[in-house]
Amino acid sequence: QVQLQESGPGLVKPSETLSLTCTVSGGSIHSYYWSWIRQSPGKGLEWIGYIYYTGSTNYNPSLKSRVTMSVDTSKNQFSLKLSSVTAADTAVYHCARDPYGLWYFDYWGQGALVTVSS
Amino acid sequence: QSVLTQPPSASGTPGQRVTISCSGSSSNIGSNAVNWYQQLPGTAPKLLIYTNNQRPSGVPDRFSGSKSGTSASLAISGLQSEDEADYYCAAWDDSLNGPVVFGGGTKLTVL
């Protein structure tokens with residue numbers, strides 16, 4: 001059974017960079033698309049972007065200027081960096097798998113709450 | 001303000017059939033497949049329906065999806081207490097080469 005687990009700091013200061021890693025277990029990171037999706041009370045679910053196992057990416061245009069995703073196939077991990085954060089970036093951040101690049105997500109991580117506050 | 005529009009709440013009694021609507025536009029639902037997710041309290045969303053009307057393995061056939069034009073619906077028949085959850089629709093949006101857009105979610109209460 002594929003499992004995804006997010007990890008990273010739960011508190012980030014305004015203007016700094018949010019960094020999260022998703023570790024994939026029970027399956028390979030190869031041949032799949034891996035997304036980050038965040039969930040906040042004010043904005044609901046918001047897709048941040050995806051990274052393919054080869055390293056190609058596609059980001060939400062509304063966040064594109066601040067997002068960087070990377071993948072480490074040797075560790076079965078992929079990562080998210082979101083720069084210049086504000087309180088509006090406070091959310092639960094989920095990583096998820098898109099099995100065929102058809103824009104649905106069949107496995108999700110439990111989510112990591114990231115609070116932006118000084 | 002979500003790109004896809006869902007009613008904020010829905011309710012039904014055990015055994016009833018309930019439908020949840022999802023309204024979009026020509027750039028998302030009108031030209032791309034719709035997917036549905038169920039989120040139980042305190043858990044991650046779970047894929048319920050993909051590509052408009054397909055159920056992943058393990059999802060009961062009480063759940064069904066449909067799409068017509070720029071709208072989609074999720075139907076739950078034989079409602080059970082464990083169906084009480086938040087339900088979200090989602091689709092790719094062709095404008096600006098994406099993104100995936102979600103509905104605001106519908107909280108289903110089993111009375």
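Side-chain contact between B:Gln39 and A:Trp108: absent, with no pair of heavy atoms (C-beta onward) separated by less than 4.5 Å.
Under the 4.5 Å side-chain heavy-atom criterion for ILVMFWY residues, a single connected hydrophobic cluster contains both A:Tyr33 and B:Val100. Clustering ILVMFWY residues whenever any of their side-chain heavy atoms sit less than 4.5 angstrom apart, transitively, puts B:Tyr37 in a cluster other than the one holding B:Ile20. Under a hydrophobic clustering in which Ile, Leu, Val, Met, Phe, Trp and Tyr are joined whenever their side-chain heavy atoms come within less than 4.5 Å, directly or via other members, A:Trp47 and B:Leu4 fall into different clusters. One hydrophobic cluster holds both B:Leu47 and A:Tyr50 under the rule that ILVMFWY side chains link at heavy-atom gaps under 4.5 Å. Cluster annotation: A:Met69 is connected to A:Leu63 through the hydrophobic network of ILVMFWY side chains, with a link wherever side-chain heavy atoms come within less than 4.5 Å.
Between B:Pro99 and A:Pro61, the closest heavy-atom pair is CD-CD, 4.1 Å. In this structure, A:Gln110 and B:Ala44 approach most closely via the heavy-atom pair OE1-N, 3.5 Å.
Of the possible polar contacts, one joining the B:Asn35 side chain to the A:Trp103 backbone as a donor-acceptor pair under 3.5 Å is found.
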Tell me, with the steps shown, if A:Tyr104 and B:Gln54 meet side-chain contact (heavy atoms from CB on, under 4.5 Å).
CA-CA 11 Å; A:Tyr104 63 84; B:Gln54 303 298 302; over 6 Å; no

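With a threshold of 4.5 angstrom between heavy atoms, A:Ile48 does not approach chain B through any atom at all.
Taking the six-membered ring where tryptophan is involved, the planes of B:Phe102 and A:Phe105 are essentially parallel, since the angle between them stays under 30° and well short of 60°.
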What donor-acceptor contacts under 3.5 angstrom involve side-chain atoms of residues 55-63 of chain B, with partners at least two apart or in another chain?
residue, atom, partner, partner atom, Å
B:Arg55, NH1, B:Phe63, O, 3.4
B:Arg62, NH1, B:Ser77, O, 3.2
B:Arg62, NH1, B:Gly78, O, 3.2
B:Arg62, NH1, B:Asp83, OD2, 2.8
B:Arg62, NH2, B:Asp83, OD1, 2.8
B:Arg62, NH2, B:Asp83, OD2, 3.3

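Residue with the most contacts toward chain B among A:Asp106, A:Leu102, A:Asn60: A:Asn60 (heavy-atom pairs, distance under 4.5 Å).
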